[in-house]
Chemist: 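Before I ask anything, here is the structure I am working with.
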Amino acid sequence: MVSPNEVRRLVRFSEKKALISVKEGNKNLRIELLAGDAFEKELRNYITKWFDLNRDLNPFYDQLNNSSLSYMTKDFYGLRMVGIPDLFEAICWCIIGQQINLNFAYKIKRRFVEAYGDKLSYEGVDFYTFPQPEQLSMVTMNDLKEMQFSRQKADYILTLAKTFIQGGIDQDSLSSRTSVERKSELLKLKGVGEWTANYVLMKTFGEMGSIPFGDIGLFKALENHQIITDRKDRKKIEQFFESFPGWGGYLTLYLWRSLANSDSSAL
DNA sequence: GGCCAGGACTCAA
DNA sequence: TTGAGTCATGGC
């Protein structure tokens, strides 16, 4: 649940679940455990990763100020990458969002989460965790198709869940690998192409040098800023990103943000 | 009503 | 390795 100055979310910590509230404080965030169970340290770590709080954005702003996008340091000041700490969730979300408009993607995701996630009701509102791979073990193609997944996407998701259950991919072991190894492991998964792999590196593993090439929104923003004229001109895009070494992910985030002041697609 | 969405896969040449 | 076809449906 997101309201103007508070975010509530049901989060899973191994076997425990916790409904947490994050509010804007004076100069910091106020975290509250509304229901469930969690250690303070777990909460702190989770929130830090979720909102990418440990990152010093000043080097990025220096680079922006040296570019044609310097207005962003003012207009979007303080905007941080909202991560997806759970790997399975991140990949599923990418698959759902592939090639369909975001509103529709949100709808499908909601149906999926409400059907298979764990529920906790608080103050009359139902909160859900994102389903774990094990919670999908009995789910069929038809179940997902009824939620308006395409056949391909239903297949990707169910295959992905199986791969997780069988240990074919593991977030902890991936964390200790190099970026290149991580990406090649991700690309082995059915339904994961370059766009998804880079998106996951950025959102889950905090690799801010990773850029979701091929992203429609990114193309649009680059065109709007007269940085490219041809979407197939990958060289030109790479050249532009080269002036932001290590910050390609944030640059993408800020470019997404520039697309729409009225929606939340940047998140 | 047509075209495009935060892509990825298959198959042909 | 490049390009066209396919998936599926909502939103404008």
Side-chain angles (χ1 to χ4, degrees), chain A residues 2 52 76 79-84 86-113 115 130 140-163 168-169 183-205 207-225 227-235 237-238 240-241 248-267:
Chain A
V2 180
D52 198 33
F76 308 148
L79 176 65
R80 286 177 183 273
M81 180 81 66
V82 178
I84 307 177
D86 180 67
L87 178 61
F88 181 66
E89 177 177 351
I91 301 176
C92 286
W93 173 228
C94 283
I95 291 172
I96 292 172
Q98 285 166 4
Q99 187 54 23
I100 56 174
N101 71 70
L102 271 179
N103 282 335
F104 185 39
Y106 286 129
K107 263 186 211 166
I108 296 180
K109 183 187 176 189
R110 172 178 282 268
R111 288 182 196 140
F112 181 69
V113 167
F130 196 85
T140 66
M141 286 275 285
N142 277 339
D143 294 334
L144 294 184
K145 279 179 73 181
E146 278 173 16
M147 295 180 193
Q148 290 178 292
F149 280 78
S150 67
R151 193 159 35 78
Q152 278 181 334
K153 289 187 181 184
D155 183 40
Y156 295 159
I157 299 266
L158 295 180
T159 306
L160 182 69
K162 265 184 213 149
T163 307
I169 185 160
K183 184 165 173 180
S184 91
E185 286 300 310
L186 289 172
L187 287 173
K188 284 181 194 164
L189 301 169
K190 210 170 162 189
V192 175
E194 192 185 14
W195 178 84
T196 299
N198 284 324
Y199 187 94
V200 168
L201 289 178
M202 173 171 102
K203 289 283 205 176
T204 302
F205 295 100
E207 290 187 30
M208 295 314 166
S210 173
I211 306 154
F213 281 108
D215 183 84
I216 299 284
L218 183 55
F219 285 147
K220 250 194 235 163
L222 289 169
E223 284 169 350
N224 289 347
H225 290 85
I227 294 161
I228 59 166
T229 50
D230 177 8
R231 296 186 175 192
K232 279 186 282 188
D233 191 352
R234 175 154 174 169
K235 235 181 197 168
I237 301 176
E238 285 179 346
F240 180 70
F241 273 90
Y250 259 90
L251 184 55
T252 304
L253 171 66
Y254 277 55
L255 283 166
W256 278 338
R257 180 65 184 81
S258 75
L259 285 176
N261 293 316
S262 55
D263 74 23
S264 57
S265 59
L267 304 177

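Below, read A as the first sequence line, B as the second, and so on, with proteins coming before strands; counting in each chain starts at 1.
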Chemist: For a quick test of reading the model, state the closest non-hydrogen atom pair linking A/L187 to A/E194 and the distance between them.
Modeler: CD2-N, 3.8 Å
Chemist: Report the residues that fulfil ring-ring contact (aromatic ring centres under 6.0 Å, His included) with A/F241, sequence neighbours left out, ordered by chain and then residue number.
Modeler: none
Chemist: With distance as the sole criterion, do the side chain of A/N101 and the base of C/dG10 form a donor-acceptor contact below 3.5 Å?
Modeler: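 When only heavy-atom distances are counted, A/N101 does reach the base of C/dG10 through a donor-acceptor pair under 3.5 Å.
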Chemist: Would you kindly give the CG-to-P distance between A/L144 and C/dC7, to the nearest whole Å?
Modeler: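 Rounding to the nearest Å, CG of A/L144 and P of C/dC7 are 18 Å apart.
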Chemist: Check the distance between C/dC12's P and A/I216's CD1 and give it to me in whole angstrom.
Modeler: 18 Å
Chemist: So A/W93 and A/Y106, would you call those rings parallel, tilted or perpendicular, with 30° and 60° as cut-offs?
Modeler: parallel
Chemist: Please find the pair of heavy atoms, one from A/N101 and one from A/F104, that lie closest to each other, and give the distance.
Modeler: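 Reported closest heavy-atom pair: OD1-N, 2.9 Å.
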Chemist: Expressed as a whole number of angstroms, how long is the span from A/I157:CD1 to B/dG7:P?
Modeler: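 Interatomic distance, CD1 of A/I157 to P of B/dG7: 15 Å.
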Chemist: Measure CD/A/Q148 against P/C/dC7 and give the value in whole Å, please.
Modeler: 17 Å
Chemist: Using heavy atoms to find the nearest nucleotide of DNA chain C for A/Q152 and A/N103 separately, return the residue whose nucleotide is more 5′.
Modeler: A/Q152
Chemist: Within this structure, what is the NZ-to-C1' distance between A/K153 and C/dT9, rounded to whole angstrom?
Modeler: 10 Å
Chemist: On the nucleotide C/dG11, are OP1 or OP2 found under 4.0 Å from the side-chain N or O atoms that A/K107 carries?
Modeler: yes
Chemist: Of the non-hydrogen atoms in A/C94 and A/Y199, which two are nearest, and what is the gap between them?
Modeler: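 Answer, listing the atom of A/C94 first, then A/Y199: SG-CD2, 3.2 Å.
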Chemist: Closest nucleotide of DNA chain B for A/Y156 versus for A/D215: which of these residues is on the 5' side?
Modeler: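 The answer here is A/D215.
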Chemist: Please classify the nucleic acid contact of A/I100 as base, sugar-phosphate, or nothing, using heavy-atom distances under 4.0 Å.
Modeler: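 Counting heavy atoms under 4.0 Å across all strands, the contact made by A/I100 includes a base.
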Chemist: Between A/V192 and A/K220, which residue's closest nucleotide on DNA chain B lies nearer the 5′ terminus?
Modeler: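 Comparing both residues, the 5'-ward one is A/K220.
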Chemist: B/dA8, OP1 or OP2 - any side-chain N/O from A/T196 closer than 4.0 Å?
Modeler: yes
Chemist: Mind checking if A/L189 touches a base, just sugar-phosphate, or nothing, with heavy atoms under 4.0 Å?
Modeler: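 Since only primed, P, OP1 and OP2 atoms lie under 4.0 Å of A/L189, the category is sugar-phosphate.
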Chemist: Taking CZ from A/F149 and P from C/dC7, how many angstroms apart are they, rounded to a whole number?
Modeler: 19 Å
Chemist: When the distance from CZ of A/F104 to C1' of B/dC4 is rounded to whole Å, what number comes out?
Modeler: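 Checked: the CZ to C1' distance equals 14 Å.
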Chemist: Just to confirm, is there a sub-4.0 Å distance from OP1 or OP2 of B/dG7 to any side-chain nitrogen or oxygen of A/Q98?
Modeler: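 So the side-chain polar atoms of A/Q98 never come under 4.0 Å of the phosphate oxygens OP1 or OP2 of B/dG7.
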Chemist: Round to the nearest Å and state the distance from A/K190 atom NZ to C/dC7 atom C1'.
Modeler: 14 Å
